[in-house]
There are 2 protein chains.
Amino acid sequence: MAERISDAEHAVMEVLWEEAPLTAQDVAERVDPERGWSTNTVKTLLGRLLAKSAIAHEEQGRRYLYRPLVARDDYVMGESRRLIDRLFGGRLTPLVAHLAERDELTAQDISEIEALLKDLKA
Amino acid sequence: MAERISDAEHAVMEVLWEEAPLTAQDVAERVDPERGWSTNTVKTLLGRLLAKSAIAHEEQGRRYLYRPLVARDDYVMGESRRLIDRLFGGRLTPLVAHLAERDELTAQDISEIEALLKDLKA
DNA sequence: CCCTATTGACTACGTCTGTAATCGGAGTAG
DNA sequence: CTACTCCGATTACAGACGTAGTCAATAGGG
């Protein structure tokens, strides 16, 4: 089931997570223009996502409406875990430490996370 | 330079980050046995990493000694940023929040990170 | 009813990846 | 000198990916 969503496919998923159901046409129109994809490319990606059961489609007249089957949260969680496991021995602290060391954290980030953690303990 | 290191290649890099320089043979012996790679496979990966300048080799008699050119920290940072940008709009807080929501944080994690952040402000 | 525009399905194709066998040259044991 | 061995380099090959063209069916416009 966890058929591993590729990068290009992910771009399509983002569209459907944002709004669904949509027709292939709609999706093509909403994909990040950065990509510069042709409609056909988007259709192929939709087809592949269907094949891996990441999305589903229901007939609507002579076209299909696509909707995500995988929740964004689940995908995001999976990817995050994969990275943390692979690079930080499965622990979040080293990641935060790493970002901190490289000055990738703003004062605001720090406050936000502190507040968040405080809440967690409550 | 930033030739994007693949997953299999990454496994080889981990060995060299752990200890270097090493011969191809040494690397093959130290790669995670989980992978079950033949020596040839490791050699191919070393070749590809050379091609993308992620590692370098120096002649030592009849063989080569391989050493990393890319620092682990840089690699790790790059991958982390990529994930955070792609999935969390470039901000760390949502990632932490996400992990928290899914109960992926232990009490110890929380304390550690709090301590870390406290230090940062000092 | 016939032509054209639309839509999903199928096909294409070069690149990258994972995995490995093979080839050719250089020492090494006789 | 000769057969063998060790090593890096070259080649192989299937499956995933990014990207897109073509085909067949269908639904409207005349």
Side-chain angles (χ1 to χ4, degrees), chain A residues 1-16 20-67 70 75 78-79 82 86, chain B residues 1-16 20-67 70 75 78-79 82 86:
Chain A
M1 37 129 210
E3 275 268 11
R4 200 84 184 85
I5 292 169
S6 83
D7 194 67
E9 287 159 7
H10 171 236
V12 169
M13 290 303 287
E14 284 294 347
V15 173
L16 289 171
L22 292 176
T23 65
Q25 194 56 44
D26 289 336
V27 174
E29 276 161 22
R30 282 162 224 228
V31 175
D32 179 4
E34 279 296 304
R35 301 269 182 173
W37 281 336
S38 83
T39 304
N40 281 331
T41 299
V42 173
K43 284 185 186 172
T44 299
L45 292 172
L46 285 170
R48 288 182 184 168
L49 286 167
L50 273 176
K52 32 183 97 160
S53 302
I55 63 178
H57 61 359
E58 62 197 56
E59 218 153 345
Q60 183 233 27
R62 53 188 259 70
R63 53 176 86 184
Y64 285 123
L65 288 182
Y66 297 85
R67 70 173 66 257
V70 174
Y75 172 75
E79 292 296 300
R82 184 189 317 285
R86 211 161 56 92
Chain B
M1 47 162 170
E3 278 266 12
R4 201 86 179 86
I5 292 169
S6 82
D7 194 66
E9 288 158 6
H10 171 236
V12 169
M13 291 303 288
E14 284 294 349
V15 172
L16 288 171
L22 291 177
T23 65
Q25 194 55 47
D26 289 336
V27 174
E29 278 162 20
R30 284 162 222 229
V31 176
D32 180 4
E34 281 295 306
R35 300 270 183 173
W37 281 336
S38 83
T39 304
N40 281 331
T41 299
V42 173
K43 286 183 186 174
T44 299
L45 293 172
L46 285 170
R48 288 181 185 169
L49 286 167
L50 273 176
K52 34 183 97 160
S53 302
I55 63 178
H57 61 359
E58 64 197 54
E59 217 153 345
Q60 186 232 29
R62 235 4 64 216
R63 47 180 90 183
Y64 286 124
L65 288 183
Y66 297 85
R67 70 173 65 257
V70 174
Y75 173 74
E79 292 295 301
R82 184 187 319 284
R86 210 161 56 92

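Atoms considered below: every heavy atom in the structure, side chains included; atoms not considered: hydrogens, waters and symmetry mates.
Nucleotide dG18(C) holds its P atom 14 Å from the CG atom of Leu46(B), rounded to whole Å. Rounded to whole angstrom, the span from the CG atom of Leu49(A) across to the P atom of dG8(C) amounts to 14 Å. Protein atom NZ of Lys52(A) is 8 Å distant from nucleotide atom P of dA16(D), rounded to whole Å. In this structure, Glu59(B) places its CD atom 15 Å from C1' of dC6(D), rounding to the nearest Å. Rounded to whole Å, the distance from CG on Leu45(B) to C1' on dG8(D) is 14 Å. We find that CZ of Arg4(B) is positioned 15 Å from C1' of dT15(C), with the value rounded to whole Å. Rounding to whole angstrom units, NE2 of residue His10(A) and C1' of dA16(D) are separated by 18 Å. Distance Arg63(B) CZ to dA26(C) C1': 13 Å, rounded to the nearest Å.
If you check dA20(D), dC7(D), dA9(D) against the side chain of Gln25(B), the one that comes closest is dC7(D). If you check dG8(D), dG21(D), dT7(C) against the side chain of Ala24(B), the one that comes closest is dG8(D). Here the side chain of Asp7(A) is nearest to one of dA20(D), dG18(D), dT17(C), namely dG18(D). Distance from the side chain of Ser6(A) is smallest to dG18(D) among dA20(D), dG18(D), dA9(C). Side-chain proximity of Trp37(B) to dA20(C), dG8(D), dT19(D): nearest is dA20(C). Closest contact between the side chain of Asn40(B) and the listed nucleotides dT17(C), dA9(D), dA20(D) involves dA9(D).
For Ser38(B) against dA20(C), no side-chain N or O and base N or O form a donor-acceptor pair under 3.5 Å.
The 12-atom threshold is not exceeded at CD of Glu34(A), counting heavy atoms of other residues, nucleotides or ligands nearer than 6.0 Å.
Taking the six-membered ring for Trp and thresholds of 30 and 60 degrees, His10(A) and Tyr75(A) have nearly parallel ring planes, at less than 30 degrees apart.
As judged by a 4.0 angstrom heavy-atom cut-off over every strand, Thr23(A) is placed among residues making no nucleic acid contact.
Tested against Tyr66(B) for a side chain to side chain contact (heavy atoms under 4.5 Å, CB included), the candidates Leu46(B), Leu22(B), Leu49(B) yield a single pass: Leu46(B). The residue from Lys52(B), Arg48(B), Arg4(B) that alone fulfils the side-chain hydrogen bond (donor to acceptor under 3.5 Å, both in side chains) condition with Glu9(B) is Lys52(B).
Leu65(B) and Pro21(B) make their closest contact through CB-CB, 3.8 Å (heavy atoms, listed as atom of the first residue, atom of the second, distance).
Within the 4.0 Å cut-off from OP1 or OP2 of dA20(D), at least one side-chain nitrogen or oxygen of Thr41(A) is found.
For Arg62(A) and Arg48(A), each mapped to the nucleotide of DNA chain C holding its nearest heavy atom, the one lying further toward the 5' end belongs to Arg62(A).
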